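As structure tokens, the structure follows; a few thoughts come after it.
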2 protein chains.
Amino acid sequence: MDQIDKKIVQELQLNAKISMKELAEVVHLSSPALIERVRKLEEQKVIEGYHAHVDLKKMDRPICAIILFESKDCKALADFCNSHSDVLECYRVAGEISYIVKIATYSVESLEKFIDASMAYGTPSTNIVLSSHAKKVIEPFSVED
Amino acid sequence: MDQIDKKIVQELQLNAKISMKELAEVVHLSSPALIERVRKLEEQKVIEGYHAHVDLKKMDRPICAIILFESKDCKALADFCNSHSDVLECYRVAGEISYIVKIATYSVESLEKFIDASMAYGTPSTNIVLSSHAKKVIEPFSVED
DNA sequence: CTTGAAAGGATCTAAGG
DNA sequence: CCTTAGATCCTTTCAAG
């Protein structure tokens with residue numbers, strides 16, 4: 001991962017659909033050289049994939065919550081979460097809290113329904129998201145950080 | 001958003017780089033019809049963008065943590081988080097906890113450094129992520145949920 | 001790695017249902 | 001709002017240096 005690879009990864013994080021020709025110009029490389037680098041980044045799985053991002057509100061999921069769980073049976077909780085369409089992300093964590101889940105749902109009613117269902121697997125503590133910000137470009141860790 | 005649009009969004013979430021020709025075949029539509037639908041989904045901002053996903057470990061960020069903050073000055077905390085390269089996501093939430101931040105960093109030492117720096121803006125409670133799962137395809141909310 | 005040329009696709013347009 | 005067919009344009013690949 002030299003500086004050029006970093007720039008390539010950065011650009012593809014911002015815009016996965018940029019053409020190889022245009023990206024080649026951005027990093028001052030010829031198309032064949034650029035394409036070979038991108039191929040290697042994909043092969044090494046530095047780049048895991050290319051995905052469209054959707055607006056949760058437009059998907060009728062205006063309510064977002066982060067739920068902290070204390071649970072004795074993380075496996076059962078994980079299975080519940082993975083099979084529930086409201087769940088976007090789940091994290092097994094070390095500490096007093098054992099599971100953290102991010103959900104997006106339709107209404108306060110559907111949120112209540114989720115919480116009630118989840119209580120079979122642990123003790124939820126629900127935090128409604130008021131606003132959020134997610135980084136589009138993740139940079140390789142460097143010592144300046 | 002009819003059934004075809006849902007399928008289009010689903011496929012583009014899985015693979016942003018699928019060609020319009022191939023996607024047209026998947027949804028049993030002609031290329032021009034498919035392209036027009038995709039254009040509208042982009043224009044309506046149902047699809048917000050297309051991004052490459054990277055492997056955090058390959059970016060020298062093997063340690064992931066979710067940090068819960070109690071803070072009196074959320075603005076200052078938000079500014080700190082938005083300017084720090086370790087921070088991937090941050091959420092302003094309602095409740096006892098006021099801020100939830102997801103970070104990815106290089107080492108226990110760099111984690112400590114982050115926590116120490118963050119303590120100027122609030123009281124952090126750090127949860128190290130042991131394992132995680134994120135949904136690739138977000139479906140529109142439907143009554144069956 | 002670069003350049004340039006050739007091949008193969010993809011997208012766009014136009015005409016028609 | 002859709003389809004088909006044709007034309008154009010662009011990207012990628014290949015060969016040579």
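Just so it is clear: chains get the letters A, B, ... in the order the sequence lines come, proteins before strands, and each one is counted from 1. All values below come from the heavy atoms of this structure, side chains included, with hydrogens, waters and symmetry mates left out. Computed from a prediction, not measured in an experiment: that's the story for all the values here.
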Examine D:dC1: is either OP1 or OP2 under 4.0 Å from a nitrogen or oxygen in the side chain of B:Lys40? Give yes or no. yes
Do A:Lys113 and A:Asp86 sit within salt-bridge range, that is, some charged N less than 4.0 Å from a carboxylate O? no
Distance in angstrom units between A:Ile35 CD1 and D:dC14 P, rounded: 10 Å
Atom-pair distance (CD on A:Glu25; C1' on D:dT11), nearest Å: 12 Å
From CD of A:Glu22 over to P of D:dC9, roughly how many Å is that when rounded to an integer? 18 Å
Write down the distance between CD1 (A:Ile18) and P (D:dC10), rounded to a whole number of angstrom. 16 Å
How about CE on B:Met1, more than 12 heavy atoms from neighbouring residues, nucleotides or ligands closer than 6.0 Å, or not? yes
Nearest of D:dT12, C:dC12, C:dT11 to any side-chain atom of A:Met20? D:dT12
Give me the atom names and distance for the closest heavy-atom approach of A:Pro124 to A:Ile67. CB-CG2, 3.6 Å
To the nearest angstrom, how far is B:Ile8 atom CD1 from D:dC1 atom P? 13 Å
Sub-3.5 Å pairs of nitrogen or oxygen atoms, protein against nucleotides 2-6 of chain C:
{"residue": "C:dT2", "atom": "OP2", "partner": "A:Ser30", "partner atom": "N", "Å": "2.9"}
{"residue": "C:dT2", "atom": "OP2", "partner": "A:Ser30", "partner atom": "OG", "Å": "2.5"}

Euclidean distance, atom CG of residue A:Leu23 to atom C1' of D:dT11 [Å, nearest integer]: 13 Å
Within the pair A:Arg37 and C:dC1, is there a side-chain N or O less than 4.0 Å away from OP1 or OP2? yes
Does any part of the side chain of B:Asp73, heavy atoms only, come nearer than 4.5 Å to the side chain of B:Tyr121, both counted from C-beta? no
Could you state the NZ-C1' distance from B:Lys21 to C:dC12, rounded to the nearest angstrom? 15 Å
